[in-house]
Amino acid sequence: MENQAGDSALPEKKYTRQSGLWLGMYTKYRIGEKLFYYGEYHMRRRDHLIENMAQIYLRFGLSYLVNEKFEVTGGIVTPFYWAPKDQYSDEEQIDNVVNQFRFWQQFLFIQSMGRVKIYHQIRTEQRWKRDYLVNSPFELTHRMRYKISTYIPLNKPKLQDKTVFFSGYNEIFIQAGKPVLYNYFEDNRLFLGLGYVINENFQLQAGYMKSIQQKERGFDLNNRDIIRFSVYHNLDFTKRKKESRNQEVDPLL
């Protein structure tokens with residue numbers, strides 16, 4: 001009886017429907033035999049897909065190819081967040097745009113299953129973030145992410161020039177740190193989409209992402225429907241001998 005009474009006192013989960021449009025560009029440039037520059041550049045809008053600005057998101061890093069099935073990356077992130085003004089009263093003074101500072105590390109494992117490849121991505125981040133209220137202090141939190149993804153060629157046996165492919169992933173976000181009290185689970189993102197390999201240097205991808213995002217109080221969640229469009233660009237700045245144009249193209253992760 002006591003357990004039943006305690007359970008009934010817990011607040012019910014409250015879901016808020018949101019929608020957004022995320023535009024992104026991913027770059028990967030070979031600058032050594034096993035060394036790459038990695039970059040991500042995102043513009044994200046929210047509320048009825050495009051009504052309000054949400055984020056400008058810049059990620060920079062260096063990748064080292066340990067072998068053909070294992071890659072390590074590390075670098076910095078500098079996102080800028082636009083304040084959700086409807087969550088603050090008129091009396092509160094807020095900064096319209098707030099930035100964050102982050103370091104990030106990534107470990108990528110590739111698993112081959114016939115014509116299909118499975119990608120296991122583990123990413124960690126150290127984030128210095130603050131509230132939108134004026135003069136709020138920066139506080140350190142930690143985030144851990146695991147993503148499992150796949151790319152399946154549809155009109156050709158492998159990813160190469162002029163290939164249409166299916167792409168899908170699921171990514172789980174866990175966070176920790178002194179400011180985190182009730183929302184250790186931060187987000188889950190499920191993505192389904194289609195892509196096209198223009199050539200060995202350019203890929204396009206578009207699709208739908210469902211995000212369930214837990215907010216600070218724990219029982220408030222954002223149920224987000226997001227449309228994503230992405231461009232992928234890679235170049236080789238080394239003097240390696242050009243291989244056949246029918247070689248398999250590696251997706252950018």
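Throughout, numbering of the chain's residues begins at 1 and tracks the sequence.
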Partners of [X] by side chain to side chain donor-acceptor pair (under 3.5 Å), sequence neighbours excluded?
X    : result
T124 : Q105
R189 : D187
Y196 : none

Test item: side-chain donor near acceptor, S211 and R224, under 3.5 Å: yes
Residue pair N183 / Q214, side-chain donor-acceptor N/O under 3.5 Å: no
State, with a plain yes or no, whether a side-chain heavy atom of [X] is found less than 4.5 Å away from one of [Y].
X    : Y    : result
Y26  : R59  : no
W104 : R123 : yes
D95  : Y132 : no
R46  : P84  : yes
L133 : Y88  : yes

Let me confirm one number: the [atom1]-[atom2] distance from [X] to [Y], rounded to the nearest 0.5 Å.
X    : Y    : atom1 : atom2 : result
Y151 : F166 : OH    : CZ    : 10.5 Å
W128 : F138 : CH2   : CZ    : 11.5 Å
L192 : N170 : CG    : CG    : 9.5 Å
L62  : Y37  : CG    : OH    : 9.0 Å
K156 : T163 : NZ    : OG1   : 5.0 Å

So does [X] have more than 12 non-hydrogen atoms from other groups sitting under 6.0 Å from [atom1]?
X    : atom1 : result
I50  : CD1   : no
Q93  : CD    : no
N135 : CG    : no
Y182 : OH    : no

Please test T150 against M113 for side-chain contact (heavy atoms from CB on, under 4.5 Å), starting from the C-alpha separation and ending with a verdict. CA-CA 10 Å; T150 187; M113 300 178 64; over 6 Å; no
For residues I198 and V231: do they belong to one hydrophobic cluster (side chain heavy atoms under 4.5 Å, members Ile, Leu, Val, Met, Phe, Trp, Tyr)? yes
Please report whether the ring centroid of F103 lies less than 6.0 Å from that of H142.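 So the answer is no for these two rings.
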Please work out which of the three classes, parallel, tilted or perpendicular, describes the rings of Y29 and H233, given edges at 30° and 60°.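 H233 vs Y29 ring planes: perpendicular.
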Short N-O contact, E125 and R145, less than 4.0 angstrom: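 The answer is yes: the pair qualifies as a salt bridge.
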Which residues satisfy the side-chain contact (heavy atoms from CB on, under 4.5 Å) test with H120, sequence neighbours excluded? F109, Q111, I118, Y146, I148
Once salt bridge (Lys or Arg N to Asp or Glu O under 4.0 Å) is applied, what residue pairs with a partner in residues 205-216 remain, sequence neighbours excluded? K210-D225
Does any pair with a residue in residues 82-93 pass salt bridge (Lys or Arg N to Asp or Glu O under 4.0 Å), and if so which ones, sequence neighbours excluded?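 Salt bridge (Lys or Arg N to Asp or Glu O under 4.0 Å) check on residues 82-93 returns no pairs.
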Assess the residue pair K158 and F165 against the criterion (side-chain contact (heavy atoms from CB on, under 4.5 Å)); give the C-alpha distance rounded to whole Å, side-chain angles, the decisive distance to 0.1 Å, and a yes or no. CA-CA 9 Å; K158 60 183 180 181; F165 61 89; over 6 Å; no
Shortest non-hydrogen contact from F70 to V72? CZ-CG2, 3.6 Å
Under the side-chain contact (heavy atoms from CB on, under 4.5 Å) rule, what do F60 and Y41 come out as? Steps first, then yes or no, please. CA-CA 9 Å; F60 311 97; Y41 323 96; 3.9 Å; yes
Show, in sequence, the C-alpha distance, side-chain angles and deciding distance for Q205 and S167, and conclude whether the side chain to side chain donor-acceptor pair (under 3.5 Å) test is met. CA-CA 8 Å; Q205 191 176 142; S167 62; 2.9 Å; yes
Main chain of R102, side chain of K129: is a donor-acceptor contact present, judged purely on distance under 3.5 Å?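 No: the side chain of K129 does not pair with the backbone of R102.
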Between R143 and F173, is NZ or CZ placed under 6.0 angstrom from the six-membered ring centre and within 45° of the ring axis?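 Because its charged atom misses either the 6.0 Å distance or the 45° angle limit, R143 does not stack over F173.
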Given side-chain contact (heavy atoms from CB on, under 4.5 Å), test R228 with H42 step by step and report yes or no. CA-CA 10 Å; R228 301 195 66 166; H42 300 272; 4.0 Å; yes
